[in-house]
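The block underneath contains the structure these notes are about, expressed in structure tokens.
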Amino acid sequence: MRPTEIMRGSPAAPEGQVTRANWRSFPAIRWGFTHTREVLPTAEVRRSAQPAPIVSAPRELTKLGFTAPDGNPTTVEATLRETFADALLVMHRGTLIHEWYGDGMSATTPHLICSISKSIAGTLGGVLAARGLVDPEARVVRYVPELETSVYGTCTVRNVLDMAVAIQFEEDYEDPAGDVARYRFSSGWDVPPPGVEAGHQRAYLTTLRGTGKPHGKVFHYVSTNTEVLGWVYERACGMPYPRILSEYLWQPMGAEEDASMTLDSHGMGRIAGGLSVTARDLIRFGEMIRCHGVVGGRQVVPGWWIDDIHENGDHKAWADGDLADIFPGARYRSKWYTIDPSRNDLAGIGIHGQWLYVDAASDTVIVKLATQPKAMDVPLDHRWLAAFRTITVHLDPR
């Protein structure tokens, strides 16, 4: 299959123009998200020696029209052009029917997927649980006793998986002196201002405190929870997270290209958002989820874990949580969103416009990557959800 490519100007970044100080700021982000390995230290997540084959049968989807949430008519093509999109891949019933790349992207270009990394980490948890390496109901400190005096000293791995930790942390991406800024200094993503110590991620995690309320009651989106999850995995498996991910998931699912993960100054990965992967490998991952954890007739992720993700998100915890106004009626389980419970869909979502959408009702998997200027742009997310629904209805009108 020859992927469609739309050019939007030179992707090149003159030497010295993109740095660790600006790589996620527009317009540097247009280059930074596909060249993360050149900006930050990273570790490889090794690919499979036998990539899972992709069957292609191209169909035109960009001309599909729909009504945007603001009431204006638009098309998939216009939405790609107007939302800083970098890639759009659609797989229907196991066949890749659409593959589009923007300027600077190709089938082999790695792209930072931000918090879709969390969904991958949540899926990996099922593999480790099935092998008896991780108990989701165990306390976090069974694996990481260093967190005993932190908020994580009283919560379970399940609380961490479901973003149900009663933690004092505000996930505000725009506050230059807030919790997220301090977290990013520790992870090596941002350069701290003069007089502020960067530290490292594990030391930072031990400083986080609770609200005094019980865990497990309210959905509260906090990225550090997923860093703790990665630390749990490392202790349970006795190896670094990138190797765990490679040996237990990335290679078994048949990834064609190496992925990479950003590292802090002490070599800890940014599990919550630091993965860079190709769009094709991300859609392989999504197709595996659609197929109940099976790739090429082999069970990679236990089917019962995927059933649990589909069935057991806490509606009340979501309704009382901090994203209920963005996705009303949704639920969250093991780092996956169900946006529309009536369709039993699943979504991995990352800031700056990253989406992995698995629609079981129409047997469709969609990958959309982008470099939107704003970290959170809810109108664009809702516009893309409308586009996804248009595509799925077109493919399966039932």
Side-chain angles (χ1 to χ4, degrees), residues 115-140 142-143 152 155-165 214-222 225-226 228-230 232-233 236-237 241 244-245 248-250 252-253 271-272 282 284-295 298-321 323-324 327 329-349 355-365:
S115 289
I116 299 176
S117 306
K118 293 180 175 71
S119 301
I120 292 174
T123 304
L124 179 58
V127 180
L128 302 183
R131 291 172 179 259
L133 294 167
V134 172
D135 178 1
E137 304 310 319
R139 291 176 64 204
V140 164
R142 170 175 159 184
Y143 304 95
Y152 297 108
C155 73
T156 65
V157 176
R158 171 52 62 196
N159 298 148
V160 169
L161 279 161
D162 292 350
M163 293 291 187
V165 178
H215 302 298
K217 302 298 184 182
V218 176
F219 173 86
H220 179 38
Y221 189 90
V222 172
N225 295 343
T226 311
V228 168
L229 185 67
V232 166
Y233 291 174
C237 299
Y241 182 86
I244 299 168
L245 178 57
Y248 287 99
L249 187 57
W250 210 242
M253 79 167 197
I271 288 90
L282 189 55
R284 281 183 172 95
F285 171 74
E287 176 66 5
M288 176 188 65
I289 297 297
R290 185 189 74 83
C291 292
H292 227 62
V294 175
V295 178
R298 187 160 52 95
Q299 196 80 46
V300 176
V301 178
W304 59 263
W305 186 260
I306 296 174
D307 286 340
D308 180 78
I309 293 171
H310 275 297
E311 297 167 4
N312 288 323
D314 188 330
H315 289 281
K316 187 176 187 311
W318 180 270
D320 293 340
L323 296 182
F327 301 125
R331 61 176 182 251
Y332 190 87
R333 183 74 165 177
S334 295
K335 310 295 180 186
W336 284 92
Y337 300 86
T338 292
I339 305 294
D340 184 353
S342 71
R343 296 190 68 83
N344 211 13
D345 59 4
L346 294 176
I349 309 172
W355 277 85
L356 170 60
Y357 185 71
V358 182
D359 185 59
S362 64
D363 300 318
T364 304
V365 181

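As a basis for the values below, the full set of heavy atoms in this structure was taken, side chains included, without hydrogen atoms, waters or symmetry mates.
When all heavy atoms of His215 and Asn159 are compared, the pair lying nearest together is CB-OD1, 3.5 Å. Smallest separation of non-hydrogen atoms from Trp318 and Phe327: NE1-O, 3.0 Å. Counting all heavy atoms, side chain and backbone alike, Ile271 lies closest to Ser117 at O-CB, 3.4 Å. When all heavy atoms of Gln299 and Val301 are compared, the closest pair comes out as NE2-O, 2.7 Å. The two residues Ile244 and Cys237 make their nearest non-hydrogen contact at CD1-CB, 3.8 Å. Nearest heavy-atom pair across Tyr332 and Leu161 is CE2-O, 3.8 Å.
Applying the salt bridge (Lys or Arg N to Asp or Glu O under 4.0 Å) definition to pairs two or more places apart or across chains, those involving residues 300-309 are Arg158-Asp308, Asp308-Arg333.
Arg290 pairs by the salt bridge (Lys or Arg N to Asp or Glu O under 4.0 Å) definition with Glu287, Asp363, not counting sequence neighbours. By the side-chain hydrogen bond (donor to acceptor under 3.5 Å, both in side chains) test, Lys335 is found to be paired with Thr226, residues two or more places apart in sequence or in another chain being considered. Applying the ring pair (Phe, Tyr, Trp, His ring centres under 6.0 Å) rule to Tyr248 yields no partners; only residues at least two apart in sequence or on another chain are considered. Ala361 meets the side chain to side chain contact (heavy atoms under 4.5 Å, CB included) test with Arg343, Asp359; sequence neighbours excluded.
Atom NE2 of His315 and atom CG of Asp320 lie 13.0 Å apart (nearest 0.5 Å). Within the model, atoms CZ of Phe219 and CG of Leu323 stand 4.5 Å from one another, a figure rounded to the nearest 0.5 Å. Here CD1 of Ile120 is found 6.0 Å from CG of Leu282. Values are rounded to the nearest 0.5 Å. Separation of atoms OH (Tyr221) and CE (Met163) is listed at 5.0 Å; rounding is to 0.5 Å. Rounding to the nearest 0.5 Å places CG of Asn225 at 8.0 Å from NE2 of His220. Rounded to the nearest 0.5 Å, atoms CD1 (Ile289) and CE (Met253) are 9.5 Å apart.
For the pair Arg284 (side chain) and Val295 (backbone), a donor-acceptor distance under 3.5 Å is absent. Judged purely by atom type and a 3.5 angstrom limit, Arg331 has no side-chain atom pairing as donor or acceptor with the backbone of Ala319.
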Under 3.5 Å, which donor-acceptor pairs link side chains of residues 121-136 to any protein atom two or more places apart or in another chain?
residue: Thr123; atom: OG1; partner: Ser119; partner atom: O; Å: 2.8
residue: Thr123; atom: OG1; partner: Trp336; partner atom: NE1; Å: 3.0
residue: Asp135; atom: OD1; partner: Glu137; partner atom: N; Å: 3.0

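Under the 4.5 Å side-chain criterion, counting only non-hydrogen atoms from C-beta, Tyr233 is not in contact with Leu245. When side chains are defined from C-beta on, Val228 does not count as touching Val157, because their heavy atoms never get closer than 4.5 Å. A heavy-atom distance below 4.5 Å is not found between the side chains of Ile116 and Ile349.
Considering Thr364, Val358, Thr338 in turn, Thr338 is the only one that fulfils the side-chain contact (heavy atoms from CB on, under 4.5 Å) rule with Asp345.
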For a side-chain contact (heavy atoms from CB on, under 4.5 Å) check, start with the C-alpha distance between Tyr152 and Val165, then their side-chain angles and the critical distance, and finish with the verdict.
CA-CA 8 Å; Tyr152 297 108; Val165 178; 4.1 Å; yes

